[in-house]
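Report on the structure given below.
Atom set for the values below is all heavy atoms of this structure, side chains included, hydrogens, waters and symmetry mates excluded.
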Amino acid sequence: MSESFADKFRPEKLSDIKGHPTAIKKIKNWAKNWSEGDKALLLHGPAGTGKTSTAEALANDIEWEIEEVNASSVRRKDDIKHLVQSIRGKSDEPILFLIDECDSMDGRSLTPLKKILDNPPNPIIFTANEKWQVPNSIENNTTNHKFNLQKRSIKPVIRDIAEKEGIDISKQEIGKLATRQGLRDAINDLQEYAESESSVDWDDREQDIGNFKAVDNILRGKKYSGEMTPPDLVDWLDENIFETMDGVEAMRAYQCLSEADKFVQRANDTQNY
């Protein structure tokens with residue numbers, strides 16, 4: 001099996017990271033001027049947009065040792081306590097603690113972590129795909145930076161990898177790859193294109209955009225490509241609006257949902273769809 005392009009061309013320095021120039025500059029300044037007690041960072045945005053790669057490249061640039069932890073492995077209170085003990089550890093040089101996917105953590109077990117975030121003895125970077133799912137004890141005690149790669153940032157990376165790998169691909173096909181969910185998906189699909197000699201139009205995978213984006217898209221009348229029937233969709237929205245919206249926004253959403261429910265019932269009664 002050939003080496004993954006995503007691993008082979010993984011950024012080694014911050015200058016290799018594409019997109020997010022303002023965030024990257026602020027993150028680098030944070031690291032260069034870091035001192036004990038400085039606030040932790042939260043990098044949030046869709047998967048494959050360079051959050052983890054940025055933290056790893058930063059550690060290389062600043063010459064920090066890095067400890068990477070996936071939040072899925074620190075769900076229990078004992079796991080959190082062990083992580084906190086590691087962060088409290090002292091060494092001659094700072095150790096960067098990278099805690100990936102913190103939007104999967106249970107806020108009820110984070111008391112020990114919240115305490116250390118008040119005065120971190122080592123630099124800490126959290127990553128999350130969905131900011132709204134990050135526990136308040138983390139979000140409120142970190143400096144947030146949003147990652148969201150645009151097509152114009154993805155295209156030159158795909159073009160450069162294609163040239164280095166000797167892949168014959170047109171500008172139009174590169175443009176199609178650049179519309180993928182993130183850079184990682186685009187790179188993986190370039191490799192699939194190169195090794196299978198197929199068209200870049202094969203990508204019929206369902207994209208998991210998350211409940212928050214899905215609710216927003218549906219309520220704004222954007223195209224819905226799912227398989228739920230109208231009654232099931234109304235029920236699903238009823239369950240998820242409260243988790244993704246609040247205040248006046250939620251009130252208006254429920255008003256719209258109420259009208260939709262009436263239309264569904266009317267269609268059922270009249271059999272006129």
Quick one: does any side-chain atom of [X] pair with a main-chain N or O of [Y] as donor and acceptor, under 3.5 Å?
| X | Y | result |
| --- | --- | --- |
| Asp160 | Pro156 | no |
| Glu130 | His44 | no |
| Ser73 | Val69 | no |
| Lys77 | Pro112 | no |
| Glu139 | Asn136 | no |
| Asn122 | Pro94 | no |

### Query
Does the side-chain contact (heavy atoms from CB on, under 4.5 Å) test come out yes or no for Thr52 and Asp100, once each step is laid out?
CA-CA 7 Å; Thr52 299; Asp100 268 324; 2.8 Å; yes
From [X] atom [atom1] to [Y] atom [atom2], the distance as rounded to the nearest 0.5 Å:
| X | Y | atom1 | atom2 | value |
| --- | --- | --- | --- | --- |
| Ile167 | Gln191 | CD1 | CD | 8.0 Å |
| Ile174 | Arg159 | CD1 | CZ | 6.0 Å |
| Ile99 | Glu67 | CD1 | CD | 11.0 Å |
| Glu163 | Asp168 | CD | CG | 11.5 Å |
| Ile62 | Glu65 | CD1 | CD | 15.0 Å |
| Arg152 | Ile154 | CZ | CD1 | 10.5 Å |

### Task
May I have the step-by-step check of side-chain contact (heavy atoms from CB on, under 4.5 Å) for Leu83 and Asp79, ending in yes or no?
CA-CA 6 Å; Leu83 172 61; Asp79 297 328; over 6 Å; no
[X]-[Y] co-clustered via ILVMFWY side chain contacts under 4.5 Å:
| X | Y | answer |
| --- | --- | --- |
| Leu149 | Leu177 | yes |
| Trp64 | Ile95 | no |
| Ile138 | Leu41 | no |
| Ile124 | Leu42 | yes |
| Phe9 | Tyr193 | yes |

### Query
Is the number of heavy atoms from other residues, nucleotides or ligands within 6.0 Å of CG (Asp118) greater than 12?
yes
How close do [X] and [Y] get, counting heavy atoms only, and between which atoms?
| X | Y | answer |
| --- | --- | --- |
| Ala55 | Leu96 | O-CD2, 3.7 Å |
| Ala178 | Lys151 | CB-CG, 3.5 Å |
| Ala128 | Cys102 | CB-SG, 4.0 Å |
| Trp34 | Asp38 | CA-OD2, 3.4 Å |
| Ala162 | Ile169 | CB-CG2, 3.7 Å |
| Phe147 | Gly50 | CE2-O, 3.7 Å |

May I ask you to test the [X]-[Y] pair for a side-chain heavy-atom distance under 4.5 Å?
| X | Y | result |
| --- | --- | --- |
| Lys114 | Asn141 | yes |
| Trp30 | Leu58 | yes |
| Glu93 | Glu63 | no |
| Val84 | Lys115 | no |
| Leu110 | Leu113 | yes |
| Ile158 | Ile187 | yes |
| His145 | Thr143 | yes |
| Phe97 | Pro120 | no |

Between [X] and [Y], is there a side-chain N and carboxylate O pair less than 4.0 Å apart?
| X | Y | value |
| --- | --- | --- |
| Glu36 | Lys90 | yes |
| Asp106 | Arg108 | yes |
| Asp103 | Lys131 | no |

### Task
Check the pair Ser170, Glu173 against side chain to side chain donor-acceptor pair (under 3.5 Å), reporting the backbone distance first and the verdict last.
CA-CA 5 Å; Ser170 69; Glu173 288 170 320; 3.2 Å; yes
### Task
Check the pair Arg180, Asn188 against side-chain contact (heavy atoms from CB on, under 4.5 Å), reporting the backbone distance first and the verdict last.
CA-CA 10 Å; Arg180 300 303 195 246; Asn188 287 339; over 6 Å; no
### Query
How far apart are the C-alpha atoms of Arg88 and Ile116, what are their side-chain angles, what is the distance that settles it, and do they pass the side-chain contact (heavy atoms from CB on, under 4.5 Å) test?
CA-CA 8 Å; Arg88 290 191 188 280; Ile116 204 169; 3.4 Å; yes
#### Entry: Residues Asn144, Thr142; criterion side chain to side chain donor-acceptor pair (under 3.5 Å); working and verdict
CA-CA 6 Å; Asn144 295 189; Thr142 54; 3.2 Å; yes
### Task
Would you tell me whether Glu56 and Ser53 have side-chain atoms, one donor and one acceptor, within less than 3.5 Å of each other?
no
Would you give me the side-chain donor-acceptor pairs under 3.5 Å for residues 14-24, sequence neighbours excluded?
| unit_1 | atom_1 | unit_2 | atom_2 | d |
| --- | --- | --- | --- | --- |
| Asp16 | OD2 | Glu12 | N | 3.2 |
| Asp16 | OD2 | Lys13 | N | 3.0 |
| His20 | NE2 | Thr49 | O | 2.9 |

